[in-house]
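Please read the structure below before turning to the comments.
Owing to the predicted nature of the structure, the values given are computational and were not obtained by experimental measurement.
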Amino acid sequence: MNQPELGKKIAELRKQKGFTQEELAFKTNLNVRSIQRIESGEVTPRLFTLKILGEQLDYDFNTNQESEVNFWLLLMHISSVIPIIIIPVLIWAWKKEEVPEIREQGIDVINFQLSMTIYLFAASMSIFLVIGLIILPFMGIFIFFVTIINTIKVANKQSYKYPLTIKFLSNSNANII
């Protein structure tokens, strides 16, 4: 549903419920101007806003947004193939307030990438002791397969696990970043 259609649908549902824009704004803790701008098609509401509006209007706006959420989740998980922490941190910081799944799974991906970065650094420092020459390839293979398996599991809506992960972030302190 594109923005003008979405705005019209929200206005239609609001009127069917017998709400004024002010009443809907009060019930959703949004300001009246936001409701007006959404209904007129001036702005596209965030997923979180659509969820709140959907709860008050008894309508599921999420059906069209699911593919977008899946895209960001899969991108965040597959980015672990290369332990560069920037990609999942950017996705997580940008989308965590809109989508609870990104908030929760992003913490797991970030913890995994931070852990693997530390392990890879330690293994690279042990190259001088020769053991690093053995550990580094195994670490690369391990990271690759864990990432691919978990990305496939997320795509199939199954539970996943990142082994050997240090819990730097948890849901209770996730607002640090």
Side-chain angles (χ1 to χ4, degrees), residues 1 6 28-30 34 38 43-56 59-177:
M1 191 179 308
L6 182 62
T28 58
N29 290 325
L30 298 171
S34 294
I38 291 168
V43 297
T44 302
R46 295 174 31 183
L47 290 176
F48 180 74
T49 305
L50 277 178
K51 181 180 176 192
I52 291 171
L53 288 168
E55 288 171 0
Q56 292 302 318
Y59 188 81
D60 185 14
F61 292 104
N62 199 23
T63 54
N64 295 328
Q65 306 298 332
E66 191 171 327
S67 61
E68 180 184 348
V69 169
N70 288 338
F71 169 77
W72 291 114
L73 284 172
L74 294 176
L75 181 62
M76 192 169 54
H77 281 276
I78 198 70
S79 71
S80 293
V81 167
I82 303 169
I84 299 174
I85 194 76
I86 294 170
I87 296 168
V89 167
L90 289 175
I91 294 169
W92 181 73
W94 181 37
K95 295 285 188 178
K96 70 178 179 177
E97 298 302 324
E98 296 176 19
V99 185
E101 293 91 355
I102 289 178
R103 179 181 179 88
E104 295 163 11
Q105 292 182 30
I107 291 170
D108 296 336
V109 172
I110 291 168
N111 283 334
F112 178 72
Q113 285 202 356
L114 284 171
S115 300
M116 292 304 114
T117 301
I118 290 169
Y119 299 151
L120 287 170
F121 179 76
S124 66
M125 291 294 112
S126 66
I127 283 180
F128 301 111
L129 302 174
V130 182
I131 193 154
L133 293 173
I134 298 168
I135 295 173
L136 276 174
F138 283 114
M139 288 290 302
I141 293 167
F142 172 78
I143 292 168
F144 178 79
F145 281 107
V146 166
T147 299
I148 297 302
I149 290 167
N150 284 334
T151 303
I152 291 169
K153 285 183 175 185
V154 168
N156 292 323
K157 308 239 186 277
Q158 298 173 348
S159 64
Y160 61 91
K161 180 166 177 43
Y162 284 105
L164 304 176
T165 300
I166 302 167
K167 301 292 182 191
F168 295 102
L169 295 175
S170 67
N171 282 325
S172 61
N173 64 358
N175 289 324
I176 293 173
I177 296 178

Dump the intermediate steps for side-chain contact (heavy atoms from CB on, under 4.5 Å) on Leu164 and Tyr119, then the final yes or no. CA-CA 10 Å; Leu164 304 176; Tyr119 299 151; 4.1 Å; yes

Going through the distances and angles, do Ile102 and Leu73 end up as a side-chain contact (heavy atoms from CB on, under 4.5 Å)? CA-CA 6 Å; Ile102 289 178; Leu73 284 172; 3.7 Å; yes

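Across Ile38 and Leu53, no two heavy atoms sit closer than the pair CD1-CD1, 4.2 Å. Taking each heavy atom of Gln105 and Met76 in turn, the nearest pair found is C-CE, 4.0 Å. When all heavy atoms of Pro163 and Phe142 are compared, the pair lying nearest together is CG-CZ, 3.7 Å. The shortest non-hydrogen separation linking Ser79 to Pro88 is OG-CD, 3.5 Å.
Atom CD1 of Ile127 has more than 12 heavy atoms from other residues, nucleotides or ligands within 6.0 Å. Atom CD1 of Ile86 sits in a sparse spot, with 12 or fewer heavy atoms from other residues, nucleotides or ligands closer than 6.0 Å. In the displayed structure, Ile148 atom CD1 is contacted under 6.0 Å by more than 12 heavy atoms of other residues, nucleotides or ligands.
Ser34 contributes no side-chain N or O that, together with a main-chain N or O of Leu30, makes up a donor-acceptor pair within less than 3.5 Å. Formation of a donor-acceptor pair under 3.5 Å by the Asn150 side chain with backbone atoms of Lys161 is found in this model. For the pair Asn111 (side chain) and Leu169 (backbone), a donor-acceptor distance under 3.5 Å is present. Formation of a donor-acceptor pair under 3.5 Å by the Ser115 side chain with backbone atoms of Ile166 is found in this model.
Here the side chains of Phe168 and Ile118 are in contact, with some heavy-atom distance below 4.5 Å. Phe48 is not listed as a side-chain neighbour of Glu97, based on a closest heavy-atom distance of 4.5 Å or more.
The pair Lys96-Glu104 fails the salt-bridge criterion, with no side-chain N (NZ, NE, NH1 or NH2) lying under 4.0 Å from an Asp/Glu carboxylate O.
With values rounded to the nearest 0.5 angstrom, Ile85 atom CD1 is found 4.0 Å from Leu114 atom CG. Here the OG1-CZ distance, from Thr165 to Phe112, works out to 6.0 Å after rounding to the nearest 0.5 Å. Atoms CD1 and OG1, from Ile82 and Thr147 in turn, are 10.0 Å apart once rounded to the nearest 0.5 Å. Remark: Ile131 CD1 to Leu136 CG distance equals 11.0 Å, nearest 0.5 Å. Leu50 CG to Asp60 CG: the interatomic distance, rounded to the nearest 0.5 Å, is 10.0 Å. Note that CD1 of Ile91 is 9.5 Å distant from CD1 of Ile110, once rounded to the nearest 0.5 Å.
Applying the salt bridge (Lys or Arg N to Asp or Glu O under 4.0 Å) criterion to Lys95, with sequence neighbours excluded, gives Glu68, Glu98. Taking the ring pair (Phe, Tyr, Trp, His ring centres under 6.0 Å) definition, one finds that Tyr160 meets it with His77, Tyr162, sequence neighbours left out.
Gln56 and Thr28 are not linked by any side-chain donor-acceptor pair at a separation below 3.5 angstrom, with hydrogens and angles left out of the test.
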